[in-house]
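Reading through the structure tokens given below for one structure.
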Amino acid sequence: MQLNFPHVLQSNSPAETEGLGASLAMAMQEDAALPRFVALYGDLGVGKTAFVRGFASVLSPESLVRSPTFTLVNEYRNKSTKKSLFHFDMYRIDSEEDLYSMGFDDYPDRGICIAEWCEKIPYALPLHYLRVTIVKNNAEQPNSREILIERI
């Protein structure tokens, strides 16, 4: 995927959303200049975790992706490259103290990070990151999504 920012994509199914996540991961592998932090935005049920599943299928193909709602972060380690992907769910973060007590600041130096519910942590995002906003865009087609990718 050649990325020009902002980049707007259309998805009509969870499988397509996963495919778009995979495409972003491939673009990040090909372009080392892209930020290594992906901040996901969107309402409950729009497909953020589906996007992460696709993303992880490229960076850690053998991993089973589940939303880390209660653990806050899951690490998916690529067995062949020994690189880590850190998947965050910020839904239950209520304060800076909650975030920093989990060592959030240390993760970006250890691998690629992708975080759901970044609306909850605007104060903690890195200076440079990729912002992915997923919205339902057609009431008559419940699986229709617009995915906007921006470089911040």
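Note that the structure is predicted; figures quoted are calculated from it, not measured.
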**Study point:** CA sep, side-chain torsions, deciding dist, call: Leu99, Tyr123, side-chain contact (heavy atoms from CB on, under 4.5 Å)
**Key:** CA-CA 11 Å; Leu99 188 62; Tyr123 52 83; 4.0 Å; yes
Exercise for review: Please step through side-chain contact (heavy atoms from CB on, under 4.5 Å) for the pair Val73 and Tyr107, ending with a clear verdict.
Suggested key: CA-CA 10 Å; Val73 63; Tyr107 287 97; 3.6 Å; yes
Check your understanding: Going through the distances and angles, do Lys120 and Asp94 end up as a side-chain contact (heavy atoms from CB on, under 4.5 Å)?
Key -> CA-CA 8 Å; Lys120 305 271 288 181; Asp94 291 321; 3.8 Å; yes
Exercise for review: Apply the test side-chain contact (heavy atoms from CB on, under 4.5 Å) to residues Leu59 and Ile112: give CA-CA distance (whole Å), side-chain angles for both, the deciding distance (0.1 Å), then the verdict.
Suggested key: CA-CA 9 Å; Leu59 300 176; Ile112 292 177; 3.9 Å; yes
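Put simply, the side chain of Asn74 gets close to the backbone of Arg66: a donor and an acceptor are under 3.5 Å apart. Panel note: side chain Thr17, backbone Gly47; no donor-acceptor pair is recorded below 3.5 Å. For Lys48 (side chain) and Gly45 (main-chain N/O), no donor-acceptor pair under 3.5 Å exists by modelled atom type. Of the possible donor and acceptor atoms, one in the side chain of Ser23 sits under 3.5 Å from a partner among the backbone N and O of Gly19. Side-chain N or O atoms of Asp31 include none that pairs as donor or acceptor with a backbone N or O of Ala27 at under 3.5 Å. Without hydrogens or angle criteria, Ser144 side chain to Gln141 main chain gives no donor-acceptor distance under 3.5 Å.
Checked against Val38 for a side chain to side chain contact (heavy atoms under 4.5 Å, CB included), the options Leu24, Leu85, Ile149 give a single hit: Leu24.
At a threshold of 4.5 Å between side-chain heavy atoms, the hydrophobic network of Ile, Leu, Val, Met, Phe, Trp and Tyr places Val135 and Trp117 in two separate groups. Taking hydrophobic clusters as Ile, Leu, Val, Met, Phe, Trp and Tyr residues chained together by side-chain heavy-atom distances below 4.5 Å, Ile121 shares a cluster with Leu44.
Rounding to the nearest 0.5 Å places CD of Gln29 at 11.5 Å from CG of Leu34. Atoms NZ and CZ, on Lys83 and Arg110 in that order, are 15.5 Å from each other to the nearest 0.5 Å. Note: Ile134 CD1 to Leu40 CG = 6.0 Å, rounded to the nearest 0.5 Å. Rounding to the nearest 0.5 angstrom, the gap separating the OG atom in Ser63 from the CZ atom in Arg53 is 13.0 Å. Atoms CD and OG1, from Glu18 and Thr49 in turn, are 10.0 Å apart once rounded to the nearest 0.5 Å. Atom CD in Glu16 sits 9.5 Å away from atom CG in Asn143 (nearest 0.5 Å).
Under the side chain to side chain contact (heavy atoms under 4.5 Å, CB included) criterion, Ser80 pairs with Asn78, sequence neighbours left out. For Phe104, the ring pair (Phe, Tyr, Trp, His ring centres under 6.0 Å) test picks out Phe88, with sequence neighbours left out.
Using a 4.5 Å heavy-atom cutoff, the side chains of Val132 and Leu148 are not in contact. Using a 4.5 Å cut-off on side-chain heavy atoms (C-beta onward), Ile147 and Phe51 make contact. The shortest side-chain heavy-atom distance between Glu116 and Val52 falls under the 4.5 Å cut-off. With contacts defined as side-chain heavy-atom distances shorter than 4.5 Å, the pair Glu96/Asp98 does not qualify.
Environment of CG in Asp43: sparse, with no more than 12 heavy atoms of neighbouring residues, nucleotides or ligands closer than 6.0 Å.
Residues Ala56 and Tyr76 come closest through the heavy atom pair CB-CD1, 4.4 Å.
Judged as a salt bridge (Lys or Arg N to Asp or Glu O under 4.0 Å), the pairs with a partner in residues 125-149 (not counting sequence neighbours) are, in order, Arg131-Glu150.
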